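All remarks here apply to the structure that follows.
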Amino acid sequence: MSEKTWQLDTDIPTPTLFSRNSSTVDVSSVSNADESTLGKDIVLGIQDNSFNDKLEEEEEEEELPVTSKELKGWYIYNAATEVYSVVAISAFIPIILENRASEAGFELDHVTPCDTSIKGYKCVARYGTGFVDTASFSLYTISISVLIQCLVYIGVGSLADHGENRKKFLLFFSYMGAISTIAFLLVVNPSLYWLAGLLTIISNVCFGAGYVFYLAYIPTFTRAHPYVIEAKRLGKPIQELSKIEDVVTNRFSSHSIAIGYAAGIIVLALAGVISYFMNQSTYGLQMGTALAGIWWLIFLTFPLLWLQKRKNPPLPKGENFLFYSFKRVGKTISSAKRLTQSMKFLISWFLLSDGFSTIVSVAIIFGKKNLAVDNVQLTIAAIIIPVFAFIGVYVFLYIQQIFKLSTRTMILITGTLHSLVPIYGLLGFVTPIGFKSQKEIYVFAVYFGFMLGAIQSYCRVLFGSMIPKGHENEFFGLYEITDKGSAWIGPLITGLIGDLTHDLRYAFWFLFAMMIIPLILICTVNVEKGKKEAELYFEREQLKRNERKNGKFLQ
């Protein structure tokens, strides 16, 4: 390994491997001969023999210290893919779907063509054999896409924990997602609103699948970080080691989110210019969406070249490639009693993620239909959200470090602040404020964005700290399943509310409940107990694996 000196921005005192008076990590000082020492974080109580030596060599493959180039490739992956989240699925695609459906739709009599020039227009479009509200068409389509995501996560998640599948799956789904996003240019007239829906499903499924494998690198990079490796080598106490891992993980998780939002801001600004010069047309929004796909496609080059092929154990002999992941997920769920804290957090995340993901879609469609906000204003609001998400990530990280607050505490703080958004929307029933004017959309964008990046970072860090080693993709697959599992429920329920009342303001009651209930549950999560359960889970699996292989070896 011949990487250049890597600057690590952490304030923890630096022992041995690091220069004493700076936070510089010299990765080049880690030779191949050192890896047998650096690569171990759990010592198994097994007798020494040639078979065990072979097992140790297999374990070391994944524990190669992460290099600066590899971490940069991981950061750039988020810069590539986050533009889809910021520009496409969160901002432009809901409007494209609603606009195209309305342009091809009818008034409530199912005969008269829809007049979108009327403020608060109420129209329906064909959906299968029936008709749905045009706002609900967008929500239902996104709901279908995330439901399919769940099936994909279950089908491929565990496979990526074996061999070199993680990087392969990451890139396969990412390239497919980028291409299908560019294909929005093919929707050239309103009658093709069904094609816009199909491309939404394909692109969103691929985006979500790729994100699972991206998140799975977090616990791996934490263990393989030179700083953490050295702390383990020196035999640091468990509590001190836990704090070091927490700082390192929060740092690069926050940085990756901030870099992703920075990329999203750039592309969103460019897309906004395109929309402006195309007179705020729907096709202008489609061009902005395609621009996000082109950006995504180009920047995938860096993770393609820089992410290492970190080998995991091969797929167990006799296992079926198509059904292995389904089988593993079933076993994981059945073992919930041994991983009580991580499973408790997954339930909380199932509800919490639905709250703040659905709020964006509802706010955009509500602003367009009820407040007559035009495409330029919506684009400005969409730019404000990632700008303040970028700022919020570092502000909350600074607050956490100053007051030495735990990751769980930061989730509770940011989650509570998030819950005020639906409360504000409900004020509109009885007061002159509460999303009654166009200016309030900008206030919402500033406030919501300020917490969004921080809570996303803290949630994935907390969960990553309670994952058994060697099961990163499997568990982050479950993490995304619970995320998207609720994300299809949110649009579905808010879509039904819109169909029944033709007033999305009532959806804020649902969103408020989806924010408060999980926060109460997170208060009961014991993180240290969760980490210990993950360690014991891994040790138990290793002992069973060794017993099986030792038996075969002796035969």
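As the structure is a computational prediction, the values presented were derived from the model and not from experiment.
With contacts defined as side-chain heavy-atom distances shorter than 4.5 Å, the pair Phe396/Ile455 does not qualify. Leu521 has its side chain out of reach of Val525: every pair of non-hydrogen atoms, C-beta onward, lies at least 4.5 Å apart. Looking only at side-chain heavy atoms (C-beta outward), Tyr458 and Ile413 stay at 4.5 Å or farther from each other. Side-chain contact check for Leu352 versus Met515: some heavy-atom pair is nearer than 4.5 Å. At least one side-chain heavy atom of Asp246 sits under 4.5 Å from a side-chain heavy atom of Val461. Under the 4.5 Å side-chain criterion, counting only non-hydrogen atoms from C-beta, Ile142 is not in contact with Tyr140. With a 4.5 Å cut-off on side-chain heavy atoms, Thr134 and Tyr121 count as touching. Within the 4.5 Å cutoff, the side chain of Ile218 has heavy atoms near those of the Leu215 side chain.
Side chain of Gln377 to main chain of Asp374: a donor-acceptor pair is present (N/O by atom type, distance under 3.5 Å, no hydrogens or angles). Using modelled atom types, one side-chain atom of Gln438 and one backbone atom of Leu371 make a donor-acceptor pair closer than 3.5 Å. Judged by distance alone, the side chain of Glu82 and the main-chain N or O of Tyr261 form no donor-acceptor pair under 3.5 Å. Side-chain atoms of Asn78 come within 3.5 Å of backbone N or O of Ser256 as a donor-acceptor pair. For the pair Ser465 (side chain) and Leu462 (backbone), a donor-acceptor distance under 3.5 Å is present. Remark: the backbone N or O of Thr431 is paired with a side-chain donor or acceptor of Lys436 at under 3.5 angstrom. Distance alone, capped at 3.5 Å, is enough to place a donor-acceptor pair between the Ser419 side chain and the Thr416 backbone. Using a distance-only test at 3.5 Å, with no hydrogens or angles considered, a donor-acceptor pair links the side chain of Ser348 to the main chain of Lys344. Under a 3.5 Å cut-off, the side chain of Arg100 and the backbone N or O of Gly197 do not form any donor-acceptor pair. Trp295 places a side-chain N or O within donor-acceptor distance of the main-chain N or O of Ala79, the cut-off being under 3.5 Å.
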Quiz item: Going through the distances and angles, do Tyr398 and Val395 end up as a side-chain contact (heavy atoms from CB on, under 4.5 Å)?
Solution: CA-CA 5 Å; Tyr398 178 76; Val395 169; 5.7 Å; no
- Task: Please test Thr289 against Val87 for side-chain contact (heavy atoms from CB on, under 4.5 Å), starting from the C-alpha separation and ending with a verdict.
- Result: CA-CA 7 Å; Thr289 299; Val87 179; 5.5 Å; no
**Step-by-step side-chain contact (heavy atoms from CB on, under 4.5 Å) determination, Ile384 to Phe444** = CA-CA 9 Å; Ile384 289 173; Phe444 158 78; over 6 Å; no
Decide ring pair (Phe, Tyr, Trp, His ring centres under 6.0 Å) for Tyr424 and Phe508; before the verdict, give the C-alpha distance in whole Å, the side-chain angles of both, and the deciding distance to 0.1 Å. CA-CA 9 Å; Tyr424 185 78; Phe508 287 116; 9.0 Å; no
- Task: Apply side-chain contact (heavy atoms from CB on, under 4.5 Å) to Leu147 and Leu151, showing your working.
- Result: CA-CA 7 Å; Leu147 179 60; Leu151 297 177; 5.7 Å; no
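The heavy-atom pair separating Gly464 from Pro219 by the smallest distance is O-CB, 3.9 Å. Taking each heavy atom of Thr181 and Gly177 in turn, the nearest pair found is OG1-O, 2.7 Å. Listed here is the closest heavy atom pair of Cys114 and Ser102: CB-O, 3.3 Å.
Residues forming a side chain to side chain contact (heavy atoms under 4.5 Å, CB included) with Leu346 (at least two apart in sequence, or on another chain): Met343, Phe463, Leu478, Tyr479, Thr482. Contacts of Glu98 classified as salt bridge (Lys or Arg N to Asp or Glu O under 4.0 Å), with partners at least two apart in sequence or in another chain: Lys368. In this structure, the side chain to side chain contact (heavy atoms under 4.5 Å, CB included) partners of Met287, at least two apart in sequence or on a different chain, are Leu185, Ile274, Met278, Tyr283. Take Ala104 and apply the side chain to side chain contact (heavy atoms under 4.5 Å, CB included) test, not counting sequence neighbours, and it matches Pro190, Tyr193.
How far SG of Cys523 is from CZ of Arg408: 6.5 Å, rounded to the nearest 0.5 Å. Rounding to the nearest 0.5 Å places OG of Ser406 at 7.5 Å from CD of Gln400. Taken from SG in Cys459 to CD1 in Ile411, the straight-line distance is 4.0 Å, to the nearest 0.5 Å. Atom OG1 of Thr200 sits about 4.0 Å away from atom CG of Leu97, to the nearest 0.5 Å. The line from CG of Leu195 to CG of Leu199 is 4.5 Å long, rounded to the nearest 0.5 Å. Note that the CD atom of Gln456 and the CE atom of Met451 stand 12.0 Å from one another [nearest 0.5 Å].
Separation of the His418 and Phe450 ring centroids does not fall under the 6.0 Å cut-off. A distance of 6.0 Å or more separates the ring centres of Phe252 and Tyr75.
Among residues at least two apart or in separate chains, ring pair (Phe, Tyr, Trp, His ring centres under 6.0 Å) pairs with a member in residues 82-105 are Tyr84-Phe207, Tyr84-Trp296. Pairs of residues two or more places apart, or lying in two chains, never qualify as ring pair (Phe, Tyr, Trp, His ring centres under 6.0 Å) while including a residue from residues 509-528.
Counting only N and O atoms by type, the side chains of Thr222 and Thr249 include a donor and acceptor under 3.5 Å apart. If you check the side chains of Tyr211 and Ser85, you find no donor sitting under 3.5 Å from an acceptor. Side-chain atoms of Ser174 and Tyr77 form a donor-acceptor pair, as typed in the model, at a separation below 3.5 Å. Counting only N and O atoms by type, the side chains of Thr340 and Glu533 include a donor and acceptor under 3.5 Å apart. With hydrogens and angles left out, the side-chain atoms of Ser281 and Asn279 include no donor and acceptor closer than 3.5 Å.
The environment of Tyr506 atom OH is sparse: at most 12 non-hydrogen atoms of other residues, nucleotides or ligands sit within 6.0 angstrom. The environment of Tyr442 atom OH is dense: over 12 non-hydrogen atoms of other residues, nucleotides or ligands sit within 6.0 angstrom. In Arg126, the CZ atom is not crowded: 12 or fewer heavy atoms of neighbouring residues, nucleotides or ligands sit closer than 6.0 Å. Within a 6.0 Å radius of NZ in Lys72, no more than 12 heavy atoms belonging to other residues, nucleotides or ligands are found.
Below 30°, between 30° and 60°, or above 60°: for Phe169 and Phe173 the angle between ring planes is above 60°, a perpendicular geometry. Between Tyr217 and Phe221, the ring planes lie tilted relative to each other; the angle falls in the 30° to 60° range.
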